[in-house]
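See below for the structure under consideration.
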Amino acid sequence: MRGGLVRGFISVGLWTFLSRLTGFVRDILMARWLGTGAQAEAFLVALSLPNMFRRFFAEGAFNTAFVPMFSKKLESGEAPRAFAADAFAGLGFVVAVFSAVAMILMPGLVWLMAAGFAGDERFDLAVEYSRITFPYILLISLASMISGVLNANGRFGVAAAAPVLLNLLFIAGMLLGRWFGWDLGLTLAWATPVTGIAQLALVWWDAARTGWRFVPRRPRLTPDMKRLLAIAMPAMFAGGVVQVNLLVGRQVGSFFEGAIGWLSYSDRLYQLPLGVVGAAVAVVLLPELSRRLRAGDEAGGQSALSRATEFGMFLTLPAAFAIAVIAVPMVATLFERGAFGPHDTQMTARALVVYALGLPAFVLQKILQPLYFAREDTRTPFRYAVNSMVVNAVVAVGLMPLVGFVAAALGTTVAAWVMVGQLWWGTRGMGQAAQLDGRLHSRLPRIVLSSALMAAGLWALRGWLAQDGEGDIAGLAILVFGGAAVYFVLSFLTGAISPSELRANVRRRR
């Protein structure tokens with residue numbers, strides 16, 4: 001694996017891991033003080049609204065189109081600064097107008113997100129909180145665009161560190177709220193735009209100190225901006241389809257009291273490996289593939305794709321197996337205290353097991369999509385996303401009367417695997433750069449075997465530890481670190497990883 005690619009994966013992965021770790025602290029405090037009550041569910045919906053559109057505008061459609069175009073201009077020297085400045089101005093204008101309209105129409109947006117809230121106190125709380133949190137979308141969209149510029153320049157650290165700041169500010173807000181007796185729901189709502197200001201300031205500072213300054217100005221519809229829009233529009237529709245999947249899950253959950261909280265907390269747990277691995281791979285792989293394809297380096301593109309897949313599966317498959325086995329002790333240890341009771345633990349763990357089954361698919365999507373985006377093809381993934389959306393809706397709504405709120409998680413997981421199948425099938429005519437190499441074909445079965453054997457050992461160990469009860473931090477630590485140690489030993493024994501390659505990558509990191 002190329003040293004630069006590995007260093008990028010590790011840098012983003014480590015910061016994302018720290019972000020998820022601080023996110024757990026945030027969620028632990030929230031579960032303890034708010035549980036899955038009305039305030040908690042209203043805030044979770046209020047936070048999901050700007051985050052949903054953030055993925056639609058910035059991290060999804062916009063950056064999908066912007067990063068490959070900017071990377072090519074940076075490589076060729078075709079006025080990348082002017083292009084980035086125009087993109088910053090255009091994005092800021094569009095999102096500012098959208099945010100103003102959305103805040104006026106907020107009751108309708110909340111109903112679309114959680115119709116099950118209608119008629120009880122959760123609805124009015126969600127509308128109030130959402131009007132406070134929604135400006136976050138403008139701030140984080142601009143921050144994401146600047147992060148794209150930094151990533152294309154090979155600077156991953158500060159952009160990946162920004163979410164850590166978000167979690168720390170949320171934690172500080174809750175601690176201050178408890179100290180001064182503030183309404184915690186309102187405290188979290190007001191903390192949201194503050195975190196957006198902090199993240200934007202952080203990435204703006206890093207860009208400015210490396211010569212990339214972004215200031216508000218009147219947007220211009222240049223030929224490059226027209227091309228950016230032409231590429232981004234299908235991706236925006238594709239992003240909208242993905243958000244419809246999230247809407248379906250929220251709607252299903254809103255009809256079961258407490259389910260929004262159960263789904264959100266389980267989502268946070270499986271997002272740890274997804275964020276660490278999937279985000280790291282996606283952030284680093286897209287500009288890398290764009291540069292390789294522009295240079296006509298098919299072999300280099302194949303190597304980048306194969307190593308990203310190997311890296312992703314080596315970490316994701318054991319995580320999926322482990323989470324499915326130890327879901328209950330994980331949830332009990334991290335969340336079961338204060339307002340979050342044993343029933344909440346069992347319900348959250350049910351959803352977590354289902355999400356874990358889809359974890360490899362979520363990561364594979366992030367690995368396969370750059371093959372299309374690097375070629376400025378956003379229409380094909382859009383068609384695939386529409387098909388997946390239909391599958392998600394049919395599964396989630398159709399199974400809701402049979403399995404309850406878990407249908408939301410089941411729909412998400414099934415749709416993720418359907419999306420992976422379509423993306424893989426669509427790469428058949430892309431040439432060598434879209435083909436997995438012999439090394440990956442040899443190692444993938446060994447990774448699966450090592451993961452399965454590790455899971456069997458965890459199952460036995462969990463049964464032994466459960467004699468003393470579940471929810472013990474020491475017991476969870478034994479399961480997690482013991483499982484990790486066993487997996488790495490099995491990986492060496494089966495040949496899933498080579499000790500010499502591991503030593504070589506460590507030397508490159510140094």
Side-chain angles (χ1 to χ4, degrees), residues 7-23 47 50-51 53-71 73-74 80-96 99 133 135-170 172 191-217 219 228 232 275-276 278-288:
R7 284 193 295 273
F9 291 157
I10 293 175
S11 177
V12 176
L14 287 176
W15 276 112
T16 307
F17 176 77
L18 186 57
S19 168
R20 293 300 189 265
L21 199 61
T22 54
L47 184 62
N51 275 328
F53 289 109
R54 153 198 178 178
R55 298 184 184 106
F56 178 74
F57 281 113
E59 293 170 353
F62 185 83
N63 269 12
T64 292
F66 171 76
V67 170
M69 287 184 67
F70 178 75
S71 297
K73 287 183 175 294
L74 191 64
R81 295 181 185 278
F83 176 66
D86 286 337
F88 183 82
L91 178 66
F93 175 77
V94 170
V95 179
S99 299
T133 62
Y136 176 76
I137 184 181
L138 173 61
L139 301 162
I140 199 60
S141 293
L142 295 176
S144 296
M145 182 260 162
I146 297 175
S147 296
V149 171
L150 292 171
N151 294 339
N153 280 277
R155 297 182 61 84
F156 301 103
V158 170
V164 177
L165 189 59
L166 173 144
N167 290 323
L168 292 176
L169 289 171
F170 270 127
T192 304
V194 172
T195 65
I197 294 171
Q199 290 179 90
L200 176 57
L202 181 62
V203 295
W204 188 93
W205 165 79
D206 190 47
R209 72 192 184 101
T210 54
W212 295 87
R213 293 187 177 275
F214 296 92
V215 294
R217 72 180 194 188
L228 180 63
V276 172
V281 169
V283 165
V284 179
L285 186 59
L286 179 54
E288 177 74 11

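For the numbers below, each heavy atom of this structure counts, side chains included, while hydrogens, waters and symmetry mates do not.
- Residue pairs meeting the side chain to side chain donor-acceptor pair (under 3.5 Å) criterion with at least one member in residues 191-203, sequence neighbours excluded, are Y136-Q199.
- Between F88 and F214, the ring-plane angle classifies as tilted under the 30° and 60° cut-offs.
- L150 and A207 make their closest contact through CD2-CA, 3.8 Å (heavy atoms, listed as atom of the first residue, atom of the second, distance).
- The structure places CZ of R81 at 8.0 Å from CZ of F70, a figure rounded to the nearest 0.5 Å.
- Taken from CG in L165 to CD1 in I197, the straight-line distance is 11.5 Å, to the nearest 0.5 Å.
- Counting heavy-atom neighbours within 6.0 Å of R217 CZ, excluding the residue itself, gives a total above 12.
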Practice task
Could you go through the side-chain contact (heavy atoms from CB on, under 4.5 Å) check for L200 and I146 one step at a time?
Solution key: CA-CA 8 Å; L200 176 57; I146 297 175; 4.0 Å; yes

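- To the nearest 0.5 angstrom, S147 atom OG is 7.5 Å from I140 atom CD1.
- To the nearest 0.5 Å, atom CG of residue L228 and atom CG of residue L91 are 9.5 Å apart.
- Atom CG of residue L138 and atom CZ of residue F93 lie 12.0 Å apart, to the nearest 0.5 angstrom.
- Closest of all the heavy-atom pairs between I137 and S99 is CG2-OG, 3.2 Å.
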